Number of protein chains: 2
Amino acid sequence: MPPGQAALADHASPADQLQARLLDHTLRVLLRDGYQRFSMNAVAASAKASKETLYRHFGDKAGLLHAALERLAALIEPLLRDGLDDAPTSPARLRRLGRNYLHGCYLPEAIALQRIAIADGEQGLGPLFVREITERAIGFVEAEFAGLGSEHPRADAEAFLGMIQGKLHERIMLGTVLPDLDRRLDEQIDQALRVMAPYLTGLAENPRP
Amino acid sequence: MPPGQAALADHASPADQLQARLLDHTLRVLLRDGYQRFSMNAVAASAKASKETLYRHFGDKAGLLHAALERLAALIEPLLRDGLDDAPTSPARLRRLGRNYLHGCYLPEAIALQRIAIADGEQGLGPLFVREITERAIGFVEAEFAGLGSEHPRADAEAFLGMIQGKLHERIMLGTVLPDLDRRLDEQIDQALRVMAPYLTGLAENPRP
DNA sequence: ACCGTCCCGTACCGTACGGTACGGCTTGAC
DNA sequence: GTCAAGCCGTACCGTACGGTACGGGACGGT
């Protein structure tokens, strides 16, 4: 197997391997060219495949993007769980969860795909993104707040995620350049936890009956 | 009057009136057709103008969108200030400011334009959006937190805005339909202020020296 | 050895769009 | 009245893209 290729399953059928390769190149082209210059031709050229193959496997352009989004979601999901299995519920764990979320969310491929999903909401790509990625992340954090004794775990989860994304998210989406992204992400979480600290203290002192 | 810079005065020159009309139709078409189907032809048809006129006034497509964004920013700016002139600095004022921000931010035209700005960050439209709209709003809220005695007014402002936008912003951008938007916005602010309340109380009890 | 399936490469078609050109109309200045 | 400028409507050009068609090669099953 050529190095550098991200193969998911060891025993994938040739067809599955081909599809995975095509989707990897889809993400790569998306990342390299942005949405404007993204085209089926570019994907085919990058993957050294024929357009006919693309259409055979994915039907049309929307189908290809749909499949690429699902593949990305599959890649992000384990990132969310990283390093969380054994830790007990706690604010520190919240920090870790937040970092995981931001790191998955701001993978270059994730940014590129989210841009596309935003640009054409009508294709159903936007709702799919919400379902596959956003809602799943919210579910994680919601469980966390429930464990911390919140009376409104879902609302708290959305507030927390909104706060750690903050305006940084908007700037990233809008293409404002961002050197030092990792450091900015950590700062963002620090600020969010600072503002939220009194609330979390209140939760700890008055646990839900 | 010599053909100087476009003035926003009531007595605009015919050329300015025409430009304003063209930009209004630009926003309208953007809103109606979305980004995918947005075209110079559609704008010209909607405004019953000729393409030549569009190109004469705005140079090219990017120039038209640029001008439309600036016009939108000019429309949104007074919304931010609405009802705030006489109120003293207070958490209640914060709520009002948040509502104003969300209402301006989720004007249908603003959503459509932000989608475009996100889709092609390379055009410089994204950074322009950040400069003209995002940063301006942050500045407002920052002053508010400074008035409330925060030691990190800017970070607090970003956290507050991020929280009131929360995941609703992502869902809106991603095209998940949203009936009852106004009610959702109010809920969003309620939740944010609930989570932030202990922090604000702390600010009130320990004002900055 | 044969055949079906998949794939590559390339060529092709229709369409849609950005941008330009041109003829004719209206308007306002001198 | 005359002239220039701006505008409209339409037609036009080049290009790029989504999607299809076709010939030829490689592989696996029978």
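Just so it is clear: chains get the letters A, B, ... in the order the sequence lines come, proteins before strands, and each one is counted from 1. The structure displayed is predicted, hence computed values, not measured ones.
Partners of A/Glu109 according to the side chain to side chain donor-acceptor pair (under 3.5 Å) rule, which considers only residues two or more places apart in sequence or in another chain, do not exist here. By the side-chain contact (heavy atoms from CB on, under 4.5 Å) test, B/Thr176 is found to be paired with A/Val130, B/Arg171, residues two or more places apart in sequence or in another chain being considered. The salt bridge (charged side-chain N to carboxylate O under 4.0 Å, His left out) test applied to B/Arg96 returns B/Asp82, not counting sequence neighbours. Looking at residues two or more places apart in sequence or on another chain, you find a salt bridge (charged side-chain N to carboxylate O under 4.0 Å, His left out) between B/Asp190 and B/Arg95. With sequence neighbours excluded, the residues that form a salt bridge (charged side-chain N to carboxylate O under 4.0 Å, His left out) with B/Asp24 are B/Arg71.
The residue among A/Ala49 and B/Phe38 whose nearest nucleotide of DNA chain C is located toward the 5' end is A/Ala49. Take the nearest nucleotide of DNA chain D for A/Ser39 and for B/Arg56: the residue whose nucleotide is more 5' is B/Arg56.
Rounded to whole Å, atom C1' of D/dC7 lies 11 Å from atom CG of B/Leu22. Rounded to a whole Å, the CZ atom of B/Phe58 is 14 Å from the C1' atom of D/dC7. Atom CG of B/Leu54 and atom C1' of D/dG6 are 14 Å apart (whole Å). Distance CD (A/Gln36) to C1' (C/dG18): 13 Å, rounded to an integer number of Å.
Taking the six-membered ring for Trp, B/Tyr106 and B/His169 have ring centres closer than 6.0 Å.
The side chain of B/Arg21 lies closest to D/dC8, out of D/dC8, C/dG18, C/dC8.
Taking side-chain N and O atoms only, B/His57 has no distance below 4.0 Å to OP1 or OP2 of D/dG6.
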Using a cutoff of under 3.5 Å, can you pull out all pairs of nitrogen or oxygen atoms linking the protein to nucleotides 19-24 of chain C, with atom names and distances?
{"from": "C/dG19", "atom 1": "OP2", "to": "B/Tyr55", "atom 2": "OH", "distance (Å)": "3.3"}
{"from": "C/dG19", "atom 1": "OP2", "to": "B/Lys61", "atom 2": "N", "distance (Å)": "3.1"}
{"from": "C/dG19", "atom 1": "N7", "to": "B/Lys51", "atom 2": "NZ", "distance (Å)": "2.7"}
{"from": "C/dG19", "atom 1": "O6", "to": "B/Lys51", "atom 2": "NZ", "distance (Å)": "2.6"}
{"from": "C/dC22", "atom 1": "N4", "to": "B/Glu52", "atom 2": "OE1", "distance (Å)": "2.5"}

